[in-house]
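Okay, structure first, notes after.
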Amino acid sequence: MSLVLPAQLNSLQTLFTLLENPALANEIKTSPFRSQLETALALSDFVFEVLRKQPDLLSRWRQTPPSLQTCSNYAERLAAELQEIHEEEQLYRVLRQFRNREMAALSFCQSLNLMSVEQTFTTLSQLAESLIVATRDWLYPKICQELGTPMNKCGQPQPLLILGMGKLGGFELNFSSDIDLIFTYPEKGETVGARRSVDNSQFFIRLAQRIIKALDQHTIDGFVYRVDMRLRPFGDAGALALSFAAMEDYYQEQGRDWERYAMIKARLMGDESTNPYYAQLKKMLMPFVYRRYIDFSVIQSLRDMKAMIEREIRRRGLMDNIKLGAGGIREVEFIVQVFQLIRGGREPDLQHRSLLKILPHLVRLNLIPAPEAHALQAGYLFLRRVENVLQAIADQQTQQLPQNETDKVRLAHACRYFTVLDPQGEVIDIHYPIHDWNSFYACLQQQHQNVRNVFSQLIGDENDSQENRQHESVWNDFIHLGNHHEYLDTALQQYAFTAERNETLKAELSRFYNDIQRRQIGQRGRDVLYKLMPCVLDKLLAHPQVESVLPKILNIIGKIVTRTTYLELLLEHPSALNMLIRLCAASPMIAEQVANYPILLDELLDHKTLFNPPPFSEYRNTLKEYLLRIPQDDEEQQIDALRQFKQATLLRTAAADILDVLPVMKVSDHLTYLAEAIVSAVVNLAWQQTTRRFGTPDHLQANEKNFLVIAYGKLGGIELGYNSDLDLVFLYDAPPNGQTIGGKRCIDSSQFYLRLAQKIVSIFNINTRAGILYEVDMRLRPSGSSGLLVSSIEAFEQYQQQDAWTWERQALVRTRAIYGETVLQVRFAQIRASILATARDISQLKNDVSEMREKMYQHLANTQPGRFNIKTDAGGITDIEFIAQYLVLANAPQHPELCRWSDNVRIFDSMAEAQVLSAVQSKTLKRCYVDLRNRIHHLNLIGQKSVVSEQEFVTERAFVREIWQWLFNH
């Protein structure tokens, strides 16, 4: 295949013109090096840019072209360049220029097949390791000058150890990869030799921050590596560096299976054999990663991880992603690491970090047949070649196949022939029948299929049913043939429907048929649809609620008809189809959610998970793990992931609610703690983005934000419903006249917190393909809509004491801090209690509460005659909430313990304990409140408003109005 790259034909001449070195240009034009350079430039814009920015490099290449031999000794060469460096600014420049030179040389070698695929990613890993270690070793003495030298109790200096994770740890780094790191140090202690001693933890956190900044920060010379720290203990919430003892405690007590999976490739940066602490660290981590027994206990969690891969493929539409798509790089890695986790404790040969070195041992141990191992190896090497060539084009981290013709030709040209290592380590040539993009794509698809076949056989779900594959019924003719009206009549005859019902169903089915005939569905999709629909229609027409459930299911199928993977999901998993029908019959809300967001179909695969939402305390950790799969710098994917997590969890909660697995109080608990977890994640995401631009306020210590989120209303009262919005108030604690430091632009601390609050609201309100996150209502902040979006905690306290209206103090009853440092949450609780317990004129309080209730009734209650609005009508939810708020405000001065709770149920319990209400009054009010809330929940589930017949809740309404009269008209 000839290499035709119109955009690059003149790249060499353009380079000569830019460099303005005629003598060098003439030397290259007449030397054999010219053709090599043309190929390297044609395949990589990155090489062109590096040579343009570092023109002396071209002269050096002319004398000694890059090769396997020249791409070595990184540590020694980098150390020599850093020897005369004294300022961090100089360090940044040297690191970036060195990195770019060496990466350009590696791209040159790759383009000309001067290195095998294995040698390429090994050398990339060695380069990264050298840059990381050199950065640490240069910065360590600098931090010692500032903070002193960290010592243990015996007076021994303590080093910072860096674990390279993932592909870096396995010597398998790709061309433009993130680097996953974990920082640790041996022992606790203090620094010595500075004016003020600090804890070792503070020293190493500071050092870690400086290392990350030196590698990750973009300058005029670019960056060294994107650094990802989310694999460390506790993820983003954890300290940047932990002692050995803290690491051991974490992995023994809290380590998850996915962390075992990640730790397989962990490798100490630098020479492990000479590091005196390596053996200690290895001994500590080994029992966590590898069990002494054959660890079949991990199989279920690994199946869950497999399902996660499948969901991610569907979620992100990764049909042309060579890493995450079906049969991609991740599936090869997954297969090998599954066997490492299960049997690695008993088979030391499986404890190697390199995937390619594990495969022969899997064959030797009869875990994988030799042909399958060969298919995995061939597929992995081909895909890694594609990945590296793709990323070397512009030094961008991508695994998605290109859309433009130039890059397609580049990729096809580079993959038609390359070299790999044979079992003896000798370089051999590999040729593929690639002549153009189509033949390349066919080869790629074949490799994907080979990997997928092995993946399905080894990791496949044992319960996958074949029931639907050959399903035959009278619906086949209707689905397949063009004259569908005739066959539709025939198909419906087997059901004893009334004539009217028959016509209704025929109209619905005809609409569906006509719709799918107009849709652009590929042949594969139509084949799956033709197999699926007879089974679907048989089930629906036999359903007792066929008239209501049929349109819902057909609507969902209409939405996914062009997304074959979802059709296949329903075809291959009859239990998922049955559950979909069951849930849609019970809840139009669920049917609408699934139709709008088909990703929720994934949740139907595991009924155990579907009906068992995680414990309340686990929502934050579960969400953190969920977000770990998303690149930290990809804001759009992070925001999408938050919405998907919320929708999936709502579906699980609703399913458990429908089937009476959860009582109404527990439903609200789940919805509330889900919202809290999402608020926490949104604040952290907004913080990252805001600090990246403006730095951090100068008064903050490490891991501090001094930012509070206060929940009002249903979120504050732990009573959130399916359709509830979030009433929030933002507070901060900062000294006046503070500034931010470390950002691209410094601003006042108060301005920083305002930008942070704006970013939080923006993230909540962004409408992505996964919908919006929550409706956020900020009107309860001081001075309402005219007030600042965020207030200092002092200003909030002053406003509540001096300017707040009675209705604002009523609202304060149902508040609690849901995000922020503990010391600030305690401070807010004290302020809240102080305001609520302030003595007040009871007559005026009664008048204010009654007037506010009357205004709300006039503006919100417009119920039709004969109907009862559970929320707003007399005797309903709002009356009960006002009763609770009034009782707190009226009695807290004499009974401060009434300020403790923000939810109505426990407020009424407190009233009984303080003898403000009788035990009977308290118990009856609670029962009325819970019953009314329960009905609202179920009305939400079936898509109806909170309005019922006035014949319902007659006793409850009468009792609530009796209490109201007793309190306000007594």
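The basis for the numbers below is simple: all heavy atoms, side chains too, and nothing from hydrogens, waters or symmetry mates.
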(request) Using the salt bridge (charged side-chain N to carboxylate O under 4.0 Å, His left out) rule, collect all pairs that involve residues 705-723, keeping only residues at least two apart or in two chains. (result)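 Found E719-R814.
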(message) Can you see whether T878 engages R853 through a side-chain donor-acceptor pair at a distance of less than 3.5 angstrom?
(response)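 No.
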Between [Y] and [X], is there a side-chain heavy-atom distance shorter than 4.5 Å?
{"X": "I880", "Y": "L932", "value": "yes"}
{"X": "L685", "Y": "L627", "value": "no"}
{"X": "L754", "Y": "Q758", "value": "yes"}
{"X": "M852", "Y": "W805", "value": "no"}
{"X": "L731", "Y": "V729", "value": "yes"}
{"X": "C584", "Y": "I556", "value": "yes"}
{"X": "Y819", "Y": "L708", "value": "no"}
{"X": "L650", "Y": "L600", "value": "no"}

(request) Before giving the answer on side-chain contact (heavy atoms from CB on, under 4.5 Å), spell out for L720 and L726 the whole-Å C-alpha distance, their side-chain angles and the decisive distance to 0.1 Å. (result) CA-CA 9 Å; L720 217 59; L726 305 185; 4.0 Å; yes
(request) Under the salt bridge (charged side-chain N to carboxylate O under 4.0 Å, His left out) rule, collect the residues that match up with R755, sequence neighbours excluded. (result)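 For R755 there are no salt bridge (charged side-chain N to carboxylate O under 4.0 Å, His left out) partners, ignoring immediate neighbours.
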(request) Show your reasoning for whether side-chain hydrogen bond (donor to acceptor under 3.5 Å, both in side chains) applies to Y250 and E259. (result) CA-CA 11 Å; Y250 174 82; E259 288 175 301; 2.7 Å; yes
(message) Per the ring-ring contact (aromatic ring centres under 6.0 Å, His included) rule, what does the pair list look like for residues 676-696, sequence neighbours excluded?
(response)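 Sorted result for residues 676-696: W687-F752.
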Flag, side chain of [X] to backbone of [Y], donor-acceptor distance under 3.5 Å:
{"X": "E603", "Y": "A648", "value": "no"}
{"X": "R693", "Y": "Q689", "value": "no"}
{"X": "D216", "Y": "V227", "value": "yes"}
{"X": "N684", "Y": "S680", "value": "yes"}
{"X": "E704", "Y": "Q701", "value": "yes"}
{"X": "T691", "Y": "Q688", "value": "yes"}

(request) Take D698 and T740 through the test side-chain contact (heavy atoms from CB on, under 4.5 Å) and record every step on the way to the result. (result) CA-CA 5 Å; D698 55 9; T740 61; over 6 Å; no
With rounding to the nearest 0.5 Å, note down the distance linking [atom1] in [X] to [atom2] in [Y].
{"X": "Q800", "Y": "L812", "atom1": "CD", "atom2": "CG", "answer": "5.0 Å"}
{"X": "K552", "Y": "L580", "atom1": "NZ", "atom2": "CG", "answer": "11.0 Å"}
{"X": "L889", "Y": "L836", "atom1": "CG", "atom2": "CG", "answer": "6.0 Å"}
{"X": "S834", "Y": "Q801", "atom1": "OG", "atom2": "CD", "answer": "6.0 Å"}
{"X": "K926", "Y": "F908", "atom1": "NZ", "atom2": "CZ", "answer": "10.0 Å"}
{"X": "D228", "Y": "M165", "atom1": "CG", "atom2": "CE", "answer": "10.5 Å"}

(request) Identify whether the distance between the nearest side-chain nitrogen and carboxylate oxygen of R832 and E797 falls below 4.0 Å. (result)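 Result for this pair is no, no salt bridge flagged.
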(message) Salt bridge or not between R906 and D903? Use side-chain N to carboxylate O under 4.0 Å.
(response)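 Yes, this pair counts.
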(request) Go through the steps for Y799 and E808 under the test side-chain hydrogen bond (donor to acceptor under 3.5 Å, both in side chains), then give the verdict. (result) CA-CA 10 Å; Y799 177 85; E808 289 177 291; 2.7 Å; yes
(request) With sequence neighbours left out, write down each residue that passes side chain to side chain contact (heavy atoms under 4.5 Å, CB included) with E794, or none if nothing qualifies. (result)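 Only D733, S792, R827 meet the side chain to side chain contact (heavy atoms under 4.5 Å, CB included) criterion with E794.
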(request) Apply side chain to side chain contact (heavy atoms under 4.5 Å, CB included) to A734 and list each qualifying residue two or more places apart in sequence or on a separate chain. (result)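 Scan of A734 (side chain to side chain contact (heavy atoms under 4.5 Å, CB included), adjacent residues dropped) gives H699, Y732, S749, Y753.
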(request) Could you go through the side-chain contact (heavy atoms from CB on, under 4.5 Å) check for I877 and Y929 one step at a time? (result) CA-CA 7 Å; I877 287 283; Y929 187 64; 3.7 Å; yes
Would you indicate whether [X], at its atom [atom1], is surrounded by more than 12 heavy atoms from other residues, nucleotides or ligands within a distance under 6.0 Å?
{"X": "D803", "atom1": "CG", "result": "yes"}
{"X": "K871", "atom1": "NZ", "result": "no"}
{"X": "E636", "atom1": "CD", "result": "no"}
{"X": "R582", "atom1": "CZ", "result": "no"}
{"X": "E592", "atom1": "CD", "result": "no"}

(request) Start with the C-alpha distance between F645 and Y626, add both sets of side-chain angles, then the distance that settles ring-ring contact (aromatic ring centres under 6.0 Å, His included), and finish with yes or no. (result) CA-CA 8 Å; F645 180 83; Y626 190 85; 5.3 Å; yes
Can you name the nearest heavy-atom pair linking [X] to [Y], along with the distance?
{"X": "L773", "Y": "K646", "value": "O-NZ, 2.5 Å"}
{"X": "R816", "Y": "I718", "value": "NE-CG1, 3.5 Å"}
{"X": "D727", "Y": "G713", "value": "OD2-CA, 4.2 Å"}
{"X": "M229", "Y": "I182", "value": "CE-CA, 4.3 Å"}
{"X": "A239", "Y": "N703", "value": "CA-ND2, 4.4 Å"}
{"X": "S946", "Y": "L939", "value": "CA-CD1, 3.8 Å"}

(request) Any chance you could lay out the side-chain hydrogen bond (donor to acceptor under 3.5 Å, both in side chains) test for Q400 and N321, step after step, and finish with the verdict? (result) CA-CA 4 Å; Q400 200 72 26; N321 188 294; 3.2 Å; yes
(request) Verify salt bridge (charged side-chain N to carboxylate O under 4.0 Å, His left out) between E635 and K759, making sure each step is shown before the conclusion. (result) CA-CA 12 Å; E635 178 182 349; K759 189 64 181 177; 3.2 Å; yes
(request) Sorted by first residue and then second, give each side chain to side chain donor-acceptor pair (under 3.5 Å) pair with at least one member in residues 773-788; sequence neighbours left out. (result)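 Applying side chain to side chain donor-acceptor pair (under 3.5 Å) to every pair that reaches into residues 773-788, excluding sequence neighbours, yields D777-R779.
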(request) On the 0 to 90° scale, with breaks at 30° and 60°, tag the Y722-H937 ring pair as parallel, tilted or perpendicular. (result)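 Plane angle over 60°, so perpendicular.
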(request) Please lay out, stage by stage, how L789 and M778 fare under the test side-chain contact (heavy atoms from CB on, under 4.5 Å). (result) CA-CA 7 Å; L789 198 59; M778 302 292 298; 4.0 Å; yes
